[in-house]
Amino acid sequence: MEYDFKAIEAKWRQHWKQQGTYTVQEDGDKEKFYVLDMFPYPSGAGLHVGHPLGYIASDIIARYKRQQGYNVLHPQGYDSFGLPAEQYAIQTGQHPAITTERNIARYREQLDLLGFSYDWSREVRTSSPEYYRWTQWIFARLFEHGYDRGAGQSSPISTLKSHFAGHGNATVDWEVGMDTLIAAGTQCWGDGFEGHFTADQWNALDEKGQASLLMAYRLAYLADSEVNWCPALGTVLANDEVIGGRSERGGHPVVRKKMRQWMMRITAFADRLLDGLDGIDWSDSIKEVQRNWIGKSTGAQLRFSVQDHPGQEIEVFSTRPDTLHGANFLVLAPEHELVQIVTTPKERAAVDAYCHETSSRSERERMAGDRGMSGCFTGAHALHPLTGEPMPIWIADYVLAGYGTGAVMAVPAGDQRDWEFAQAFGLDIPAIFEGHDIAEGACTEKDAILCNSGDWSGLSCEEALPRAIRETEAAGFAQPRVNYRLRDAVFSRQRYWGEPFPICYVNGVPQLVEGAQVLLPEVDAYLPTEDGDPPLARAEKWNVLQGDRMEFNTMPGWAGSSWYFLRYMDPHNSDALCSREKSDYWGQVDLYVGGAEHGTGHLLYSRFWTKFLFDLGLIGFDEPFAKMVNQGMILGRSSFVYRVEGTNTFVTFEQRKAHRTQRLHVDISMVRNDILDLDAFKAWRPEFADAQFELNEDGAYRCGSEVEKMSKSKYNVENPDDLVERFGADTLRCYEMFLGPLEQAKPWDTQGISGVHNFLRKFTRLYLNGEEGVLVTDTPPSAEALRTLHKTIKKVTEDLDRLSWNTVVSALMIGINELTEMGCHDREVLQPLAAILSPYAPHLAEELWATAGGAGSAVDAPWPKWDPEKLVEAEVRYPVQFNGKVRFQLEVASDLSPSDVESAVLEDARTLKQLDGRAPRKVIVVPGRIINIVG
RNA sequence: GCCCGGAUGGUGGAAUUGGUAGACACGACGGACUUAAAAUCCGUUGGCCCGUAGGGCCGUGCGGGUUCAAGUCCCGCUCCGGGUACCA
């Protein structure tokens, strides 16, 4: 056999392992390049062909850069805390660590088959104490820091503390959780605390009181807040883990609940997270997702006084204070605290009923997606700040408690939802736009001209907006305001399999554990206690026990994955999460490859933590991933059989419409070219053992098919191990790239793999032959062979530089086809050819590199440079167009000037024939490209 | 609804700055080898038309436009995929 891939791949894998080929060290003489795959969660299901797609792409770049002389960091590890292992533990009693260990072993086995150039000596696992020690450490620093808005960066809480002792908090411009501060201050000094305290007040407090006030300033803080509670998982979830009212993992219902939780003040970094997007090379769509998630909007916060409730004010946020004259009612979220206060006795029953209704139905309602306008009048009125007119106060669920102030001023003429609400409840729609028919809907155009708006009448909205902000502020009932959609992130999980917090409680006050790392304790069951405390409350033995009790929550999945790219730089450091020296050398990730599904989770949180670590001076950059590529999903091709309803008889795809049938997925391993293996099908499941088939005329059972997501439940999974067994890892690597552009979703079709396999065989046959052995000769290559070589080097190099992985394979195929036709076996051609094959088919390339007499390993074979002179041809073949249509080809010497080409083409007999006596009006010669004759 | 992608042969796709549309590969068809099949090798393969040689016309989701020249740029649509949503 010429291409014995099994022997070749086993041999070189062994060789690399023995030589430690992929171990890298910092090397100041070389420029670095950092290629990283998104952190995998080692799931029990193993890999299907879609998973390695991104790993292959990144490995190719890593190998390419290494051959170009870069010092390449290309690590891999496991995000090994997480829900699936714990769910499994709940069901079986098996410790998640054991399941996780087993899954990692299986994962590694599959990865090893594919010939990746990972430096496994740098492997990290988030669930290992040596790793999560530093996750805990970062948490502790977040606890010890707040955000100084004036300085625009994180600052130690200790400085704040001394400031309070000297000056109180009146002059402090730090990010603060107002609700937490007011609640804490009220505890200390009673009702009437509005957020400011003096140095004397501060100094008079005991430690507990001071701690509760400081909590409002910490970046990691404990607070009572509305959280997403998932009863089925028994834990809270962050906003990005909830999709359409259900948990991202498992699809369980999620309800709002007020709970005391650890939170992360990511909102302090909102502007930096937004601005930082401009400097990084990510896809526009992911940047857009992050921008929307942060949701910055500017406008004004306006206060409306309430009739008959002196002192009560309703605050609203509006991006359009210029439309204030058109505001004629207010709408509060049903959960708004003033609802209970202002509702009149007459409306009380209706309001209570409405509030109850919304709280119970909102999740289902939002899932269903239909949203008729609903609402309820409170009986109360606010006063228009400009006219003093009474404005009815309504409640409605289209106003969200969690956004802005939970209240809006309704401008039915200028906002479509307000307009619909007014329509639904028969409220007036005051016209404030010139020439706009309010019966048709709201007017949201920015260039509309205002009317009935006092001094602002006649101005466009764009002109009126800054004036409105200025004048309402001067009038004393508004302030300019920037509002964000981004909320602080919940950081507690009521689960077992996660990082324990380095926190204990003393008199109910949370404190950092001193002097020792808190390890995840053993528990007798992975379930909440009878009192509803998280599983860690079951622990009878902790390795550290300080204060009255330990923290029972664990950290969320994104904790460990927010900084892992730093640990790879210095994985065994026991003094620091990563030395500054190493992070200065390796720096940002130069290429990050992974799915696009982490836009609002991991990719935002790791940017947040990176900025924090940067503020602390621990690293020298504040964006983790300089460039990112998101690979598309590989889709599976599912096969179907059609069972006649109520029978055990199956009809073919062609006959399915003649009967009432049920469509059932069948395992694609039983189907070849859409024809079902009947015996295999009968043996598949007991219920099919006596299945009857109505076959087509040719005696075959033809299945239906559809392209859909690759998943176990659809029986359309293609497993990389099987394909490696049949074709080899090099073929699989090349084929996954050959499928199409990395970013695009594409269906998997195993049939096509033979073409790529043939290509590698053909490649081999230039070097080796079954009968004659090594064919490589030292004869000087022909100009033609050199041209093919240099053309291929050029194309492959340029395509890799623009991350066009798929076209590289085609370019190599074309080169090989040409050299095969020429019968080229010249060492001078074959050696560089093996070098440029190496990133794609590293095992075969090693073999061929050695065969062609290359020195050392192909992994370090210098990347060849193309020589432009070798590309030059003596003759150039011009397509000749007449009025844009190609009529013939003209061969001319390639050094002819454009005017000489023009005379040559005009003299050509075929030109005269085409022109048929007409005089050409214009002749365009694009040198080396095309000739177009107009006339 | 909004935002972001995308639409090219039977299929996956190529065409990088406007310059020969369909590279490369799969599949299909025809042939060689073979008792036969598999494997392998060779040839044909966007559609329509002129019997052939050679040509001609049409053709990159649809309708317009700019240009000597448009898959590529502009305007207006249709459909498909993904994300997101009462965000004030």
Side-chain angles (χ1 to χ4, degrees), chain A residues 243-244 283-289 291-293 295-297 299 316-320 323 331 333 362 365-366 369 371-374 396-400 402-411 414-418 420-421 483-486 596-597 599-600 630 632-633 635 637 673 707 734-735 738-741 743-759 761 795 798-799 801-802 804 806-817 877-889 920-935:
Chain A
I243 294 167
S283 73
D284 289 337
S285 64
I286 293 247
K287 287 190 187 183
E288 203 55 29
V289 164
R291 282 193 190 103
N292 291 340
W293 188 259
K296 181 177 183 173
S297 45
V316 304
F317 172 72
S318 174
T319 56
R320 296 292 304 276
T323 62
V331 191
S362 58
E365 209 69 357
R366 276 169 203 180
R371 58 179 92 105
M373 271 296 169
S374 74
D397 63 1
Y398 83 84
V399 178
L400 305 176
Y403 184 76
T405 61
V408 301
M409 64 173 206
V411 183
D415 181 283
Q416 191 57 29
R417 283 162 325 190
D418 296 345
E420 280 164 24
F421 191 82
N483 205 34
Y484 298 90
R485 192 184 98 104
L486 183 71
E597 65 272 22
T600 53
N630 305 113
M633 216 188 333
L635 304 167
R637 189 167 182 276
N673 294 336
V707 169
C734 290
Y735 185 57
F738 186 64
L739 281 178
E743 294 90 335
Q744 245 168 59
K746 51 212 165 252
W748 180 265
D749 169 22
T750 302
Q751 278 186 359
I753 202 168
S754 65
V756 173
H757 189 66
N758 273 340
F759 150 68
R761 285 181 37 217
K795 175 78 176 154
E798 288 175 349
D799 283 0
D801 284 338
R802 67 188 171 102
S804 173
N806 55 323
T807 51
V808 169
V809 183
S810 310
L812 289 169
M813 284 175 172
I814 293 168
I816 294 308
N817 288 347
R877 210 166 50 104
Y878 279 96
V880 182
Q881 296 184 332
F882 288 82
N883 299 318
K885 284 185 200 288
V886 180
R887 291 305 175 196
F888 62 87
Q889 311 282 327
R921 274 197 286 128
K922 197 173 180 184
V923 179
I924 292 133
V925 177
V926 184
R929 283 263 179 208
I930 206 163
I931 301 167
N932 193 5
I933 298 172
V934 189

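A, B, ... follow the sequence lines: proteins, then strands. Residue 1 opens every chain.
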Considering only heavy side-chain atoms of A:Glu288, the closest of B:C3, B:A88, B:A25 is B:C3

Gap in Å between the two C1' atoms, one belonging to B:A21 and one to B:A69, rounded: 14 Å

Of all heavy-atom pairs linking A:Asn932 and A:Asn883, the shortest is OD1-N, 3.6 Å

Across the strands shown, which category fits A:Ser810 at heavy-atom distances under 4.0 angstrom: base, sugar-phosphate, nothing? base

Quick one: is B:U84 close enough that its OP1 or OP2 comes under 4.0 Å of any side-chain N or O from A:Arg485? no

Do A:Ser810 and A:Leu812 make a side-chain contact, defined as non-hydrogen atoms from C-beta onward lying under 4.5 Å apart? no

Mind checking the C1' distance from B:A28 to B:G83? Whole angstroms is fine. 39 Å

Just by modelled atom types, is the A:Val411 backbone N or O under 3.5 Å from a matching donor or acceptor in the A:Asp418 side chain? yes

Heavy-atom pair of closest approach, residues A:Asp749 and A:Tyr735: O-OH, 2.6 Å

Which of these nucleotides, B:A23, B:C58, B:U20, is closest to any side-chain atom of A:Lys885? B:C58

On a whole-Å scale, what distance lies between the P atoms belonging to B:A14 and B:G76? 28 Å

Check this for me: does the side-chain of A:Asn292 come within 3.5 Å of the base of B:C87 through a donor and an acceptor? no

Could you check which nucleotide pairs with B:G9 in any of the strands shown, counting Watson-Crick or G-U wobble with both distances under 3.5 Å? none

From C-beta outward on A:Val886, which listed nucleotide comes closest to its side chain: B:U20, B:A25, B:C87? B:U20

Indicate, with a heavy-atom threshold strictly under 4.0 Å, whether A:Leu739 touches base, sugar-phosphate, or nothing. sugar-phosphate

From CG of A:Leu812 over to P of B:A25, roughly how many Å is that when rounded to an integer? 12 Å

Show the nearest heavy-atom pair for residues A:Ser374 and A:Phe421, with the distance to one decimal. O-CE1, 3.6 Å

Is it the case that the side chain of A:Tyr878 and the backbone of A:Gly928 share a donor-acceptor pair, with hydrogens and angles ignored and the cut-off at 3.5 Å? yes

B:C86 and B:C80: how far apart are their P atoms, nearest whole angstrom? 24 Å

Residue matched to B:G81 through Watson-Crick or wobble contacts both under 3.5 angstrom: B:C4

Counting heavy atoms not belonging to A:Arg802, are there more than 12 under 6.0 Å from its CZ? yes

Between B:G10 and B:C62, how far is it from one P atom to the other, in whole Å? 14 Å

Looking at every strand, decide which applies to A:Lys795 at a 4.0 Å heavy-atom threshold: base, sugar-phosphate, or nothing. base

Both A:Asn932 and A:Gln889 contact RNA chain B. Which one's nearest nucleotide lies toward the 5' end? A:Gln889

What integer distance in Å separates A:Met813:CE from B:G12:C1'? 12 Å

If you look at every strand shown and take non-hydrogen atoms under 4.0 Å, does A:Arg921 touch a base, only sugar-phosphate, or nothing? nothing

Tell me what A:Asn806 touches on the nucleic acid: a base, only sugar-phosphate, or nothing, going by heavy atoms under 4.0 Å. sugar-phosphate

Paired with B:U66 by Watson-Crick or G-U wobble geometry, both distances under 3.5 Å: which nucleotide is it? none

With respect to the phosphate group of B:G56, does any side-chain polar atom (N or O) of A:Arg887 fall under 4.0 Å of OP1 or OP2? yes

Which part of the nucleic acid, if any, lies within reach of A:Arg761 when heavy atoms closer than 4.0 Å are counted: base, sugar-phosphate only, or nothing? sugar-phosphate

Just how far, in rounded Å, is C1' of B:U67 from CD1 of A:Ile924? 9 Å

Determine: side-chain N/O of A:Gln751 to OP1/OP2 of B:U11, distance under 4.0 Å, yes or no. no

Base, sugar-phosphate, or nothing for A:Val399, non-hydrogen atoms under 4.0 angstrom? base

Starting at CZ of A:Arg291 and ending at C1' of B:U84, how long is that distance when rounded to a whole Å? 16 Å

Using the C1' atom as the point on both nucleotides, what is the distance between B:A38 and B:G82, in whole Å? 44 Å

Hunt down the Watson-Crick or G-U wobble partner of B:G30, both distances under 3.5 Å, from any strand shown, or write none. B:C42

When the P atoms of B:G19 and B:A85 are compared, how many Å lie between them, rounded to an integer? 41 Å

Can you check the A:His757 NE2 to B:A25 P distance for me, whole Å? 15 Å

Please report, rounded to the nearest Å, how far the P atom of B:C26 is from the CH2 atom of A:Trp748. 15 Å

What's the closest nucleotide to the A:Val934 side chain, out of B:G19, B:C68, B:G5? B:C68

Just compare B:G13, B:G83, B:A14 and give me whichever is closest to any side-chain atom of A:Thr807. B:A14

Whole-angstrom distance between B:U66 and B:U45, as gauged at atom C1': 36 Å

Have a look at A:Asp799 and say if it touches a base, only the backbone sugar-phosphate, or nothing, with a 4.0 Å heavy-atom cut-off. base

Please classify the nucleic acid contact of A:Gln881 as base, sugar-phosphate, or nothing, using heavy-atom distances under 4.0 Å. base

Within the structure shown, what part of the strands sits under 4.0 Å from A:Val408 by heavy-atom distance: base, sugar-phosphate, or nothing? base

B:C48 pairs with, by Watson-Crick or G-U criteria that keep both distances under 3.5 Å: B:G56

Ionic contact status for A:Glu288 with A:Arg291, cut-off 4.0 Å: yes

Candidate nucleotides B:A88, B:A23, B:G19, ranked by approach to the side chain of A:Val926 - the nearest: B:G19

Side-chain N or O of A:Lys746 versus OP1/OP2 of B:G12: is the shortest distance under 4.0 Å? no

If we call it a pair only when both distances are under 3.5 Å in a Watson-Crick or G-U wobble match, what pairs with B:U72? none

Upstream residue (5' side of RNA chain B) when A:Ser754 and A:Gly404 are each assigned their closest nucleotide: A:Ser754

State the syn/anti category of B:G81 according to its glycosidic angle, syn meaning within 90° of 0. anti

Given atom CD of A:Glu597 and atom P of B:G83, what is their separation to the nearest angstrom? 10 Å

Complementary nucleotide of B:G18, counting Watson-Crick and G-U pairs under 3.5 Å: none

I'd like to know if the side chain of A:Arg485 reaches the main chain of A:Tyr403, judged simply by a donor and an acceptor atom lying under 3.5 Å from each other, with no hydrogens or angles considered. no

